[in-house]
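Reading through the structure tokens given below for one structure.
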Amino acid sequence: MNDKIAFGATYAPMGAEVAVHDCPADGAVPRDLDGGFFSVGADLQYPLSPGNIAFDGEGHVRVFRFQQGRVDYRSRFVRTQRYVAQDAARRLLMPMYRNPLCDDPSVAGLSRSTANTHVIHHRGRLLALKEDSLPVALDLESLETIDPVYDFGGQLPHGTPFTAHPKICSHTGNIVAFGGEAGGPGSDAIALFEIDRQGRKVWEAQIRAPYAGMIHDFAVTEHYIAFFVVPLLFDGERMQRGLVPYSWDGSRKSYLGVLRRHGDGKDIRWIATPTCGGSHTLGSFDDGGRLYFDREISPSNPYVVIPNRDGSAYDAAGGTSYLYRISLDLKNSAAVVEFEQLYPLIAPLPRQDDRYQTVPYRYGYMGCPAPDDPVRWKPVCYARIDHQTRHYVLWKAPADVSLGEPLFVPKHSAAREGEGYLLGVGWHHSDGLRSDLYIFDAEHVGEGPLATVHLPVQAAPQIHSWWVGGQEYPQRSAVAQVDAKA
Ligand code: V55
Ligand code: FE
């Protein structure tokens with residue numbers, strides 16, 4: 001694998017902020033596509049310290065802004081407290097992934113967020129997320145950092161971890177989030193909170209995990225919250241030695257945990273399953289009696305950057321994930337967890353129509369190799385999967401391209417599920433990683449893009465993405481009021 005390429009995917013560190021006005025395009029950019037396609041990834045401010053991992057790069061946010069068929073591109077490093085302090089010192093001050101023991105004393109008390117994993121929209125702001133810290137709030141138009149420690153108006157104490165994969169309740173629009181290691185590094189406490197569209201915290205609870213470790217994503221349904229924890233264990237010995245403080249312990253089981261939403265958390269049930277790995281939720285829902293939790297699952301350690309505790313080498317096949325439907329009979333306290341593999345497609349970054357995050361849904365989208373591609377780590381196709389028919393369609397990118405996570409955009413606010421556009425960025429390996437944005441009719445992904453928008457440069461690194469519709473952009477005066485109140 002090209003060692004400049006991070007996350008088994010697509011891009012290299014870039015280290016430059018870019019603005020491109022009115023990008024050239026082949027084909028017709030849909031004129032009804034109005035809003036911003038935001039992404040974030042890990043870029044480098046200074047070279048990584050020896051032993052550090054690409055997960056610890058600095059957050060770099062980018063947006064393709066669509067208005068009346070015109071596309072403007074902009075990218076900015078997030079001015080986290082860490083970035084600003086390091087910029088002033090002209091060197092790394094937090095040099096090791098999630099290891100505060102390695103920090104320079106000058107940064108004590110600052111947020112350790114890199115803001116490099118995911119972005120969501122909240123009240124006219126973009127929140128840039130890293131799972132060990134509170135969000136960072138950015139301006140939607142300029143991508144300037146407005147608040148490097150976004151505590152929801154003082155409702156979440158500084159130091160509270162906030163997942164990079166909160167869910168948006170399909171009924172209320174509330175943000176449902178958790179924080180892993182909520183009592184500090186190595187803690188098995190998980191904090192849960194729900195924040196309404198006005199920014200008020202309307203629910204919180206605490207539970208305990210079967211073991212302390214990395215919990216990257218979860219599931220929220222109409223009535224339940226579920227976790228699937230995998231043995232990416234916190235490793236205190238590695239922390240003391242100044243290393244990345246996690247390791248994969250294949251001797252531990254994985255667990256499904258289920259609790260009721262809006263309760264006190266005491267009903268949490270953890271059910272052991274065979275050991276397996278994986279990270280991301282595609283979608284989840286309950287039908288009152290049964291929980292359905294669709295996510296990617298790998299046979300073992302999913303991350304090449306996290307060592308195995310038993311000293312064995314990373315197993316690429318064991319780290320390769322496929323989509324599964326996990327389900328559980330909630331009425332039977334003796335029920336076992338059922339697993340069903342859904343498709344023969346490798347699926348590390350699956351997405352759905354985000355309006356269906358907590359309710360039954362039909363479609364998913366992802367970058368993946370074709371089932372017969374000999375190279376198994378590189379996403380070169382976009383797939384639309386259809387749970388109703390259990391079929392999928394693929395579009396294969398040009399031969400030198402690898403693809404980032406795709407994002408679904410509804411055609412309008414009343415659009416049917418899946419009626420809209422699919423957006424995704426491709427990096428040209430034979431052209432210095434210069435990038436194109438592909439725009440598909442999401443109901444005809446197999447027919448190829450409606451339009452291809454060209455950047456003159458590499459797109460900034462990308463992990464996850466979010467759409468902010470034009471009607472969600474605040475009036476300038478309204479933003480000023482929100483800032484004045486904060
Ligand atoms: C992931 C990515 C992270 C991280 C933990 O895909 C998990 C998973 C970019 O950082 O810190
Ligand atoms: Fe993620």
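Each ligand, and each atom within it, is numbered from 1 in the order the structure gives.
- For a distance bound of 2.8 Å, the N, O or S atoms of H165 include one lying that close to the Fe ion (ligand 2).
- Checking side-chain atoms of R62 against main-chain N and O of A460 turns up a donor-acceptor pair under 3.5 Å.
- Looking at Q458, its side chain does come within 3.5 Å of a backbone N or O of A12 through a donor-acceptor pair.
- Assignment of R98 to the shell around ligand 1 is not supported, since no heavy atom sits closer than 4.0 Å.
- Annotation for ligand 1: atoms under 4.0 Å from non-hydrogen atoms of I463 are 9 (C).
- Residue contact check: T117 has heavy atoms under 4.0 Å from atoms 9 (C), 10 (O) of ligand 1.
- With Y363 as the aromatic partner, R384 meets the cation-pi criteria of under 6.0 angstrom to the ring centre and within 45 degrees of the ring axis.
- Across Y211 and P231, no two heavy atoms sit closer than the pair OH-N, 3.2 Å.
- Interface of K130 with ligand 1, defined as ligand atoms under 4.0 Å from a residue heavy atom, comprises 3 (C), 4 (C), 9 (C), 10 (O), 11 (O).
- Ligand 1 places these atoms under 4.0 Å from at least one heavy atom of E131: 5 (C).
- Between F37 and F64, the ring planes are parallel. Angles under 30° get that label, and only those over 60° would be called perpendicular.
- Atoms of ligand 1 lying under 4.0 Å from at least one heavy atom of M214, given by number and element, are 5 (C), 7 (C).
- Atoms of ligand 1 lying under 4.0 Å from any heavy atom of Y97, numbered from 1 in the order shown and given with element: 4 (C), 5 (C), 11 (O).
- Sorting the N, O or S atoms of H216 by how far they are from the Fe ion (ligand 2) puts NE2 first.
- Listed by atom number, the atoms of ligand 1 under 4.0 Å from N116 heavy atoms are 9 (C), 10 (O).
- A donor-acceptor pair shorter than 3.5 Å cannot be found between the side chains of R112 and S133.
- When atom types are taken as modelled, the side chain of H60 and the backbone of G15 share no donor-acceptor pair closer than 3.5 angstrom.
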